[in-house]
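Each chain gets a letter, A, B and so on, in the order the sequences are listed, and its residues count up from 1.
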Protein chains: 2
Amino acid sequence: MEQPRGTRVRGTRQASAVAAALTSLPGFCSAQEIHAELRRRGETVGLTTVYRHLQVLSEQGAVDTIRDPSGETLYRQCGSTAHHHHLTCRVCGRSVEVEGRVVEQWAEKVAAEAGFTSVDHTVELFGLCPDHAA
Amino acid sequence: MEQPRGTRVRGTRQASAVAAALTSLPGFCSAQEIHAELRRRGETVGLTTVYRHLQVLSEQGAVDTIRDPSGETLYRQCGSTAHHHHLTCRVCGRSVEVEGRVVEQWAEKVAAEAGFTSVDHTVELFGLCPDHAA
DNA sequence: CTGATAATAGAAACGATTATCATTACGAGC
DNA sequence: GCTCGTAATGATAATCGTTTCTATTATCAG
């Protein structure tokens, strides 16, 4: 519904490559890791391009982004477009999508009580997956 | 209880200055803003030193840190040492401490179900305070 | 096939934070 | 009060993820 016809969004080799890498990588990973992964596969894609596609995909809601404790941005292709959060392993990046109706409700209630509006929230859970338990 | 007597932690002008600035600033603010505020007051404190003190205070639990959407780290002196979260105004940085027993419990439950351990969580709420409602 | 222009990618710019290290100053003991 | 060892400081340089710049390349409608 947003494609007037004529000259618009072009399908490029790089766009597919980034999307493919994202699909094949199991957990959250950084833009740089994705870039490295592409080179490993023999795909030549500039780092700039990787960032650009990740940003676009993120805006479209096709990938989820979180920030790891060090401040790096991590990306992951997500199954559902619905709002959800993640429980991510600090060691391997493997993550589980968790649904948080409870949290959403809590956030709204708290915000309303304080008189705040247009409230947005970030909720991230980091821990050790079964394979990496201390 | 952790001060053997002899040569230990030194109380310096800079340490007090950073603490004072933190006390006087109402909302969350960045290390650089704190540094600027100090210079404005005529206090001469190096940026490096500001960062160092903020880190120490943060480890002691005397200040809370969050990351704003752009990735910058923000600091704020906190009343309670108890675990809590914040509801921060996107415009003025003013923030309210909110207690989240519900969230903690939810986080633990979700983690246990997925078999994750050593789970840590970050929960931040950003919105518009009454004064800045659209 | 061809041309207009979107997309690409390397290099340089950026901005927050951290590391380096010579200098300064606190404060315990004389 | 004065000295000295050492913690603290702070200017500068280095890091590092990310963004901007811009000349070049490649896509796709006609």
Starting at [atom1] of [X] and ending at [atom2] of [N], how long is that distance when rounded to a whole Å?
X	N	atom1	atom2	result
A:Ile66	D:dG17	CD1	P	16 Å
B:Glu72	D:dT19	CD	P	14 Å
B:Arg67	D:dT18	CZ	P	11 Å
A:Glu33	D:dC16	CD	P	15 Å
A:Leu54	C:dA7	CG	P	16 Å
A:Glu59	D:dT19	CD	P	11 Å
A:Asp68	D:dC16	CG	P	14 Å
B:His35	C:dG15	NE2	P	17 Å

| Nearest listed nucleotide, side chain of B:Leu47, among C:dT17, C:dA9, D:dT18 |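 Comparing C:dT17, C:dA9, D:dT18 against the side chain of B:Leu47, the answer is C:dT17.
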| field | Nucleotide nearest B:His53 (side chain, heavy atoms from C-beta), chosen from C:dT8, D:dT9, C:dT18 | value | D:dT9
Check whether any side-chain N or O of [X] sits under 4.0 Å from OP1 or OP2 of [N], and answer yes or no.
X	N	answer
B:Thr49	D:dA8	no
A:Thr48	C:dT8	no
A:Gln14	C:dA7	no
A:Thr12	D:dT27	no
B:Thr73	C:dA16	no
A:Arg52	C:dA7	no
A:Tyr51	D:dT19	no
A:Arg13	C:dA9	yes

| task | Using a heavy-atom cut-off of under 4.0 Å over every strand shown, decide if A:Ser30 touches base, sugar-phosphate, or nothing. | result |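 Nothing, no heavy atom under 4.0 Å.
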| field | 5′-ward residue of the pair B:Leu74/A:Gly46 relative to DNA chain C | value |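 Closest to the 5' end, via its nearest nucleotide, is A:Gly46.
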Is any NZ, NE, NH1 or NH2 atom of the basic residue among [X] and [Y] found under 4.0 Å from an Asp or Glu carboxylate oxygen of the other?
X	Y	value
A:Arg39	A:Glu37	no
B:Glu124	B:Arg67	no
A:Arg94	A:Asp131	yes

| Under 3.5 Å, is there a donor-acceptor pair linking the side chains of A:Asp64 and A:His84? | yes
| query | If you take all heavy atoms of B:Ala114 and A:Pro130, which pair is closest and at what distance? | reply | O-CG, 3.9 Å
